[in-house]
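What follows is one structure encoded as structure tokens, with my remarks underneath.
Excluded from the calculations below are hydrogen atoms, water molecules and symmetry mates; all remaining heavy atoms, backbone and side chain alike, are included. Residue numbers start from 1 in every chain, and the chains themselves are labelled A, B, ... in the order their sequence lines are given, proteins ahead of strands. Every value quoted in this text rests on a predicted model; they were computed, and no experiment measured them.
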There are 2 protein chains.
Amino acid sequence: MKQLINSSRHIRQQLLAGLTYTYNDRLDWQRETGIITKKTIADDKVVLISGGGCGHEPAHVGYIGENMLDCAVMGPIFEPPASNEILQAIEQTYNGHGTLLIIKNFEKDLASFLEAERLAKEKGLMVTHIIVDDDCSIEIGTFEKRRRGVAGTVFVHKILGAAASAGKSLSELHELGQELVPMIKTLGVAFSPASPIGLIPQQYELAEDEMYFGIGIHGEPGYRIETMQSSERIAIELVNKLKQQYTRKTFTKAAVLVNGLGGIPLLELGIFMNDVQQLLDIEDIEVVYKRMGNFLTAYNTNGLSLTLLLVKDENWLKYLNAPTDAFGWK
Amino acid sequence: MKQLINSSRHIRQQLLAGLTYTYNDRLDWQRETGIITKKTIADDKVVLISGGGCGHEPAHVGYIGENMLDCAVMGPIFEPPASNEILQAIEQTYNGHGTLLIIKNFEKDLASFLEAERLAKEKGLMVTHIIVDDDCSIEIGTFEKRRRGVAGTVFVHKILGAAASAGKSLSELHELGQELVPMIKTLGVAFSPASPIGLIPQQYELAEDEMYFGIGIHGEPGYRIETMQSSERIAIELVNKLKQQYTRKTFTKAAVLVNGLGGIPLLELGIFMNDVQQLLDIEDIEVVYKRMGNFLTAYNTNGLSLTLLLVKDENWLKYLNAPTDAFGWK
């Protein structure tokens with residue numbers, strides 16, 4: 001795959017410049033930093049901050065908006081922002097109602113965000129966090145779940161974002177997040193390796209006719225390489241593996257996210273969504289909410305992920321349906 | 001590139017099933033056809049219909065909605081729908097105020113849509129059309145402009161759609177369209193050939209380090225193959241070629257569309273938008289409207305196009321800014 005960039009050293013700055021220029025009606029960017037904020041941050045609600053490395057666009061800048069995030073802090077490609085930038089973002093957006101950090105479960109992300117939280121608390125600010133670990137891929141060999149934080153994170157942005165706007169306190173949001181995250185399960189599949197040439201080392205190879213189940217969003221390996229399958233067969237594998245994560249009896253209402261990893265045509269996501277829908281229909285799982293498109297991508301990857309969310313509470317659906325002007329939520 | 005499909009014979013049906021399932025709150029689909037309609041078609045305005053082959057998603061189904069299209073008629077991949085399906089769509093959506101067809105300038109598309117218009121007129125219906133020919137690529141050898149209808153079509157959907165909702169008559173919309181289309185100019189660039197394996201013959205090859213200026217949206221060749229360039233250099237070429245299409249003195253206000261062809265990461269579109277913005281700034285061209293994302297794609301192509309629209313009339317800007325629930329307009 002080719003790369004349309006200028007210099008690998010300026011990716012973050014030039015990307016954030018382009019994004020915030022395009023959406024300058026709603027976003028502000030503090031140049032020379034990775035801090036992007038909502039133009040007006042409400043002073044009567046908890047502030048929501050997320051972030052991570054670049055390379056997952058529209059995440060997370062695209063989720064700043066009404067009923068979603070107030071701020072995103074973006075690092076270099078596939079690298080989280082430094083804790084001092086996150087701290088700066090917490091301080092600058094602080095309105096006295098507390099700050100919730102939404103963190104994808106990767107070691108480096110946790111280190112940066114939790115250090116920023118610690119420093120902010122030392123300064124007397126109310127800060128807490130939610131860790132999203134929706135990935136159900138397993139380690140080959142140990143069969144241990146990888147629990148990476150992947151596309152399901154956008155459901156967390158939306159539900160907690162709307163709940164914050166509805167007036168929930170920091171501790172209520174934390175409780176809601178703790179209840180919500182275990183109900184979100186995701187599995188990804190790649191048809192090409194993530195290949196940011198010269199930016200990160202390529203972690204696996206795929207032959208012309210091969211695909212990889214269970215890959216991560218930074219080019220991490222999955223659990224099985226296979227000859228390329230039909231959309232329906234891939235849907236069967238993903239739906240089956242995901243539904244096993246739930247107690248069958250309680251799994252009756254689902255929200256579905258068919259997420260493109262960035263290099264896959266919408267035509268193919270549409271065909272795949274049709275297959276997923278038929279499988280859930282056979283299982284008598286009612287789909288009460290659905291989204292399809294590029295929501296949380298993996299730079300230069302052709303592939304997709306499927307996320308299911310067991311909608312345990314009618315309020316979650318209300319929060320999912322709350323309107324937003326976040327440009328990534330289409 | 002790999003293809004995530006089931007059977008090449010069922011692409012249209014399975015894609016339309018997936019799209020209309022995802023957006024069943026706003027779209028209706030007549031199964032076994034390529035006809036998708038807005039759930040409720042207003043009875044007090046001109047009906048707008050567009051369409052063409054599949055493989056350009058979200059076009060055109062994604063532009064059905066408030067202030068945009070009422071109906072899209074989709075053919076097989078890269079092939080326009082048959083005239084009898086378009087006729088059926090015209091008849092079924094007819095409300096007495098007339099129907100405007102928006103057609104991309106390709107021989108086959110013109111043949112299908114104009115035959116449907118002829119048949120509808122024979123039945124006494126008021127129908128007319130607008131042909132979009134925004135592509136400024138030139139034939140190698142003859143230097144003749146290709147005038148294909150490409151990404152700028154979505155500006156036509158939006159402006160004429162909002163004008164129709166504002167109460168313009170069929171003849172007024174036709175006049176507006178005739179004035180609007182020559183102000184829209186587009187150039188595309190591909191970093192990979194469109195390669196729908198076994199679906200259409202591949203029309204050109206690109207080496208690992210090559211790119212192609214001036215390509216079309218069905219894998220048609222462009223005007224120059226070059227070694228892969230930086231985002232800034234590509235922006236310089238496209239902006240320069242596009243601005244030459246206008247009389248410099250009158251070209252002061254522009255709408256900009258940075259369109260992904262489907263296989264390019266949003267990260268790269270963001271970097272490219274930043275380069276375009278700087279060039280237009282130097283030229284003292286005021287950007288009064290901008291959009292970035294996958295708007296009109298070319299199945300399995302890594303590349304982008306840049307569209308400029310000279311905003312001659314403040315109403316055009318008002319129409320561009322009119323709200324819509326069309327899922328492709330993000």
If you tally heavy-atom pairs under 4.5 Å between each of A/I11, A/T20, A/T297 and chain B, the highest tally belongs to A/I11

Max heavy-atom pairs within cutoff under 4.5 Å with chain B, candidates A/D275, A/V287, A/D209, A/I5, goes to A/I5

Looking at [atom1] of [X] and [atom2] of [Y], how far apart are the two atoms once the value is rounded to the nearest 0.5 Å?
{"X": "A/L267", "Y": "B/I77", "atom1": "CG", "atom2": "CD1", "answer": "5.0 Å"}
{"X": "B/N24", "Y": "A/Q277", "atom1": "CG", "atom2": "CD", "answer": "9.0 Å"}
{"X": "B/N294", "Y": "A/L266", "atom1": "CG", "atom2": "CG", "answer": "8.0 Å"}
{"X": "A/N6", "Y": "B/S230", "atom1": "CG", "atom2": "OG", "answer": "5.0 Å"}
{"X": "B/E57", "Y": "A/I271", "atom1": "CD", "atom2": "CD1", "answer": "8.5 Å"}
{"X": "A/Q14", "Y": "B/N274", "atom1": "CD", "atom2": "CG", "answer": "6.0 Å"}

Please report the closest heavy-atom contact between [X] and [Y], naming both atoms and the distance.
{"X": "A/M228", "Y": "B/Q3", "value": "CE-O, 3.6 Å"}
{"X": "A/P265", "Y": "B/N300", "value": "CG-OD1, 3.9 Å"}
{"X": "A/Y21", "Y": "B/K290", "value": "O-CE, 3.0 Å"}

If one checks every heavy atom of A/I234 against chain B at 4.5 Å, the contacting part turns out to be side chain

Whatever's closer than 4.5 Å to a heavy atom in chain B on A/L261 counts as neither

Of B/H56, B/R233, B/Q13, B/E210, the largest count of non-hydrogen pairs under 4.5 angstrom with chain A goes to B/E210

Highest number of heavy-atom pairs under 4.5 Å with chain A among B/G270, B/G18, B/S231 belongs to B/S231

| On the ring face of A/F327, is B/K330 found with NZ or CZ under 6.0 Å from the centre and within 45° of the axis? | no

From the list B/E268, B/M211, B/Q229, side chain to side chain contact (heavy atoms under 4.5 Å, CB included) with A/L4 holds only for B/E268

Bottom line for B/T22: the part with an atom under 4.5 Å from chain A's heavy atoms is both

Whatever's closer than 4.5 Å to a heavy atom in chain A on B/D25 counts as neither

Review point. Just wondering, more than 12 heavy atoms not from B/K253 lying within 6.0 Å of its NZ?
Key: no

